[in-house]
Amino acid sequence: MCWHWGGILISACDDGNDGDGENPVVGGEIVARMTTVDSELTFYTNGTVEFKEDAATKSVLARAVTSAAASSSGTYSGNVTQDNENITLSFTSGKRTGDGTATIAERDDASNISMNIGGDNLKLERIQTLVTAWHTTSGKTVYFYNDDRAMQVIKTGGNTTCHPLVYTGNAGKDGTVQLALLDDNKEHKEYKSAAISGSTMTYAEETYTKIADDRELLTAWRATTESETGIPFIETMYFYSDNTFMIVMNKKVNDQITNGFAGTYTGDTTKNETATATVAGLGTLPGTIKNNKLTITAPMNITYDRID
């Protein structure tokens with residue numbers, strides 16, 4: 001399952017610290033988010049950072065944090081989208097206060113970020129986050145994510161069809177974004193414009209209305225694979241609560257987007273059991289989950305590590 005795709009680099013975050021005084025306003029556009037099953041670390045473009053830690057007992061379906069999580073906020077400097085980057089942290093309010101450090105690891109490492117805060121060594125993993133979601137009355141939904149990917153879900157009667165996409169532009173603001181499909185194991189296809197104005201988006205001669213996120217990310221998985229010519233790729237697989245999933249691929253050497261796949265699945269990916277995914281044009285991907293690893297046996301044998 002080594003698929004090729006090419007063309008776009010993930011945009012880097014703004015370095016620096018635009019916080020105001022001792023207690024900067026935390027929030028806004030998300031640069032990166034790292035999670036474990038009971039914590040969540042979010043970096044914003046204005047140089048602020050928030051770390052949430054949850055002591056609550058988790059159910060089998062729970063991931064990340066609950067509303068009761070303890071929060072720490074402050075500022076950071078460094079590029080949190082760059083592998084092997086050193087980050088400085090300064091928490092000014094909440095559960096933790098004081099300075100800390102962090103290192104962004106290789107994306108296929110067991111953890112994507114290692115932090116030292118108050119003498120505690122912590123490890124978390126980066127995942128994609130939703131920017132905006134849009135829906136038509138004909139049953140089409142487009143989800144834009146902060147890693148230059150998008151996903152279209154088309155529901156017609158009892159049938160669901162999914163398409164992975166890439167995009168350029170800012171899907172969170174008025175203006176124009178360019179979308180291209182990544183289907184069929186091919187390079188980027190022709191880009192089509194989507195015009196965003198307020199709560200309306202026009203794309204492929206259809207009108208979409210802005211909606212709140214109507215599905216939950218249940219589990220995320222990551223593996224390193226190689227092409228037949230020996231090029232290393234990083235594959236990340238996301239399973240959602242509406243029984244859809246998406247696989248995104250990047251070249252390990254430069255993070256270049258290459259290909260993507262999307263479809264539907266059956267099974268509970270939060271448990272140790274079998275899960276079967278179906279990709280239009282590719283067929284069935286039979287998988288088995290055990291001990292936080294997902295093994296897919298066809299069309300190639302690949303084992304993914306759970307990263308959330």
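As the structure is a prediction and not an experimental result, all values here were calculated from the model.
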Would you be so kind as to tabulate the donor-acceptor pairs closer than 3.5 Å made by side chains of residues 288-299, with sequence neighbours excluded?
residue	atom	partner	partner atom	Å
Lys293	NZ	Asp305	OD1	2.4
Thr295	OG1	Thr303	OG1	3.2

ask   = What pair of heavy atoms forms the shortest contact from Ser90 to Asp99, and how long is it?
value =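 Closest approach of Ser90 to Asp99: OG-OD1, 3.2 Å.
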
task = Sorted by first residue and then second, give each salt bridge (charged side-chain N to carboxylate O under 4.0 Å, His left out) pair with at least one member in residues 25-36; sequence neighbours left out.
result =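 Applying salt bridge (charged side-chain N to carboxylate O under 4.0 Å, His left out) to every pair that reaches into residues 25-36, excluding sequence neighbours, yields Arg33-Glu40.
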
task = Kindly write out the residues that satisfy ring-ring contact (aromatic ring centres under 6.0 Å, His included) with Tyr238, not counting sequence neighbours, or none if the list is empty.
result =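 Not a single residue meets the ring-ring contact (aromatic ring centres under 6.0 Å, His included) criterion with Tyr238.
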
Heavy-atom pair of closest approach, residues Lys210 and Gly198 =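 Of all heavy-atom pairs spanning Lys210 and Gly198, the closest is CD-O, 4.4 Å.
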
Under the side chain to side chain donor-acceptor pair (under 3.5 Å) test, residues paired with Asn170 that sit two or more places apart =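 In terms of side chain to side chain donor-acceptor pair (under 3.5 Å), with neighbours along the sequence ignored, Asn170 is linked to no residue.
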
query = Can you name the residues that form a side chain to side chain donor-acceptor pair (under 3.5 Å) with Ser241, not counting sequence neighbours?
reply =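 Side chain to side chain donor-acceptor pair (under 3.5 Å) check on Ser241 returns nothing, list empty.
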
Any residue meeting ring-ring contact (aromatic ring centres under 6.0 Å, His included) with Tyr143, in chain and number order, not counting sequence neighbours =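 Counting only residues at least two positions away or on another chain, Tyr143 forms no ring-ring contact (aromatic ring centres under 6.0 Å, His included).
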
query = Are Ser73 and Glu50 linked by a side-chain donor-acceptor pair shorter than 3.5 Å?
reply =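 Looking only at side-chain atoms, Glu50 and Ser73 do not form any donor-acceptor pair under 3.5 Å.
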
task = Apply side-chain contact (heavy atoms from CB on, under 4.5 Å) to Thr176 and list each qualifying residue two or more places apart in sequence or on a separate chain.
result =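 If we apply the side-chain contact (heavy atoms from CB on, under 4.5 Å) test to Thr176, skipping adjacent residues, the hits are Gln178, Ser193.
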
Tyr167, Tyr208, Tyr203 screened by ring pair (Phe, Tyr, Trp, His ring centres under 6.0 Å) with Phe144, the one that passes =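 Answer after filtering Tyr167, Tyr208, Tyr203: Tyr167.
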
key: Sequence-distant partners of Thr88, side-chain contact (heavy atoms from CB on, under 4.5 Å), two or more places apart   =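 For Thr88, the residues satisfying side-chain contact (heavy atoms from CB on, under 4.5 Å) (neighbours in sequence not counted) are Ser77.
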
ask   = What residues, two or more places apart in sequence or in another chain, satisfy side chain to side chain donor-acceptor pair (under 3.5 Å) together with Thr244?
value =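 For Thr244 the side chain to side chain donor-acceptor pair (under 3.5 Å) partners, ignoring immediate neighbours, are Arg215, Asp242.
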
task = Would you please say whether a donor-acceptor pair under 3.5 Å links the side chains of Thr129 and Asn146?
result =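 Yes - a donor-acceptor pair under 3.5 Å links their side chains.
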
ask   = What are the two closest non-hydrogen atoms of Phe91 and Arg96, and how far apart are they?
value =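 Smallest interatomic distance, heavy atoms only, reads CB-O, 3.3 Å.
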
query = Can you list every salt bridge (charged side-chain N to carboxylate O under 4.0 Å, His left out) pair that touches residues 191-207, not counting sequence neighbours?
reply =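 Qualifying pairs, neighbours excluded: Lys140-Glu206.
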
For Tyr265, all residues meeting ring-ring contact (aromatic ring centres under 6.0 Å, His included), sequence neighbours excluded =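 Applying ring-ring contact (aromatic ring centres under 6.0 Å, His included) to Tyr265 gives Phe239.
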
request  = Check Ser39 against Phe51 and note the closest heavy-atom contact, atom names and distance.
outcome  =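 The answer is CB-CE1, 4.0 Å.
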
message = If only side-chain N and O atoms count, and only distance matters, is there a donor-acceptor pair under 3.5 Å linking Thr264 with Asn243?
response =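 There is no such pair (donor and acceptor under 3.5 Å, judged by atom type) between the side chains of Asn243 and Thr264.
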
query = With sequence neighbours excluded, what pairs up with Thr209 under the side chain to side chain donor-acceptor pair (under 3.5 Å) test?
reply =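 Applying side chain to side chain donor-acceptor pair (under 3.5 Å) to Thr209 gives none.
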
